[in-house]
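Data first, discussion second: the structure below is written as structure tokens.
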Amino acid sequence: MINLSPIRGMHDRLPDECDQFSQIMAVIKEVTESFGYRQVIIPIVESTELFKRSVGISSDIVQKEMYTFNDRNDDSLTLRPEGTAGCYRAYLSEFQRSAPFQRLWYLGPMFRRERPQKGRQREFYQFGLEAFGYDHPSIDVEVIHIANTIFSKLDLKANVICKLNYLGTSETREVYLEELRSYFKPFVDQFDDVHKYRYEQNVLRLLDSKDEFIQSLLSQAPKITNFLTDEDTQTYQLIKSLLEKFKIPYEEDFKLVRGLDYYSGLIYEFQAMDGLGAQNTICAGGRTDNLCNILSGKDGYSLGMAIGIERLLLLTNSQTSKKLDKVFVFTDNESNYDDLYQLQESLQKRKQGVFIHYGVSQLKKQLNRAANMNYQMAVGYIDSRWIVFDLVQNQKFESNSINDVWEHINASRI
Ligand code: ATP
Ligand code: MG
């Protein structure tokens, strides 16, 4: 016997979850496309080099979370851990020269070998968007505006807060990083190996450490806002005033740094205040201008964000609803299947879905089966008559005519 469970950290998405997933995606897609973004579908497998370069050698993802394997010709390939790198590669190869201003969105599975826990899987879905070619801070605000609109439409506004930080240009950050290093230097001997590594490779990541000792050092640590140039400060002010204009609430958080190396300028997260525990970030993003040079050798502008769909599913109401869009159809005699096909065709024409049960058994069993499968309506063809059962309101209706059956189903919807 084969082991029937999915791989650890991965799960089967059953129909009820898929229905909920589609409803959420319908909202996300509508909002995103109303801002002029268009969908791209990019490969799940990319060269390992792409992620090493873009996500960054010192990031947790590249260090220990990627699913990497050698193809039969020894090329090193990786299951994508995030969508920005692939989307960027596609943009650079297809659009950068001919149509450099692009707004793109994607949806798909991502893979990271993390410790599975609530809101953290090894295979998870991200919706993400990327805008290319624009320097003006209006686009930073646009991306936050989109995320904010999505969460409002999903009725999550009261539970979600947008946190911001401004990392400035690479030059600003260089100076700041030097200051941070000098600040932490006297304490490094007391750090564990993970934090020693962060200190050496990516000192910014000390700011979002959960380690108690590191956290106790943070209140006195230098803050990036004190190192911003006049130009940085102006841009950041403009962004904040635009957010206010669009009535988007936010909090500034100088400890917010992203785990990926490629961010600069404005970065943001939307965090849920309730319902997700430690994994409370549902959306994260920021400016990724540096990636353009890293991947193409040319300067360019870009930014984006990604939303973790599973975390959204945990937050939105996950009750299983009765299947109203489909009816359960059966008969007491196999020689009546032709009548069932007729009913099916007629209901399908009226956009009413039909689940025919091919099996003959007692009426009670048929109705139990329909109820267990969560149908509101069941239709039986019994003794040459149609009987419509409303399993929620516990009513029944009989007729000879398919048209009556349809009208009754239509009128019984709750
Ligand atoms: P976290 O701090 O939770 O590890 P991250 O900084 O690694 O998140 P990003 O790489 O920015 O996350 O991904 C964007 C979003 O994708 C996250 O905010 C989260 O909603 C979702 N996400 C990231 N990793 C996972 C995972 N392992 N399982 C489920 N969702 C995830
Ligand atoms: Mg992570």
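Atoms within a ligand are numbered from 1 in the order they appear, just like the ligands themselves.
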Of E114, Q126, Q279, the residue with the heavy atom nearest atom 13 (O) of ligand 1 is Q126

Would you call the rings of F191 and F213 parallel, tilted or perpendicular, taking 30° and 60° as the class edges? perpendicular

Those residues that, when tested against Y37, pass side chain to side chain donor-acceptor pair (under 3.5 Å) (two or more places apart): E142

Considering all heavy atoms of both residues, which atom of C292 and which atom of Q96 are nearest to each other, and what is their separation? SG-NE2, 3.6 Å

Just heavy atoms, cut-off under 4.0 Å: does R120 contact ligand 1 by side chain, backbone, both, or neither? both

Quick one: does Q121 get a heavy atom under 4.0 Å from ligand 1? yes

Identify every side-chain donor-acceptor pair in residues 144-157 under 3.5 Å, counting partners at least two apart or on other chains, and give the distances.
residue	atom	partner	partner atom	Å
T149	OG1	H145	O	2.6
S152	OG	N148	O	3.0

Between S22 and D19, do the side chains contain a donor N or O and an acceptor N or O under 3.5 Å apart? no

Could you work out, for atom 29 (C) of ligand 1, the closest of G83, G308, P81, G119 by heavy-atom distance? G119

Going by the atom numbers of ligand 1, which of them fall below 4.0 Å from some non-hydrogen atom of A284? 11 (O)

Counting heavy atoms under 4.0 Å, the part of T281 that contacts ligand 1 is both

Please work out whether the ring planes of F21 and Y125 are parallel, tilted or perpendicular, with thresholds of 30° and 60°. perpendicular

Name the option, out of F124, F111, F270, Y125, that contains the heavy atom nearest to atom 24 (N) of ligand 1. F124

Parallel, tilted or perpendicular: which fits the ring planes of Y358 and Y337, with parallel below 30° and perpendicular above 60°? perpendicular

Under 4.0 Å from a heavy atom of I282: give me the atoms of ligand 1 that qualify, with their elements. 18 (O), 20 (O)

Can you tell me if R112 has a non-hydrogen atom under 4.0 Å from ligand 1? yes

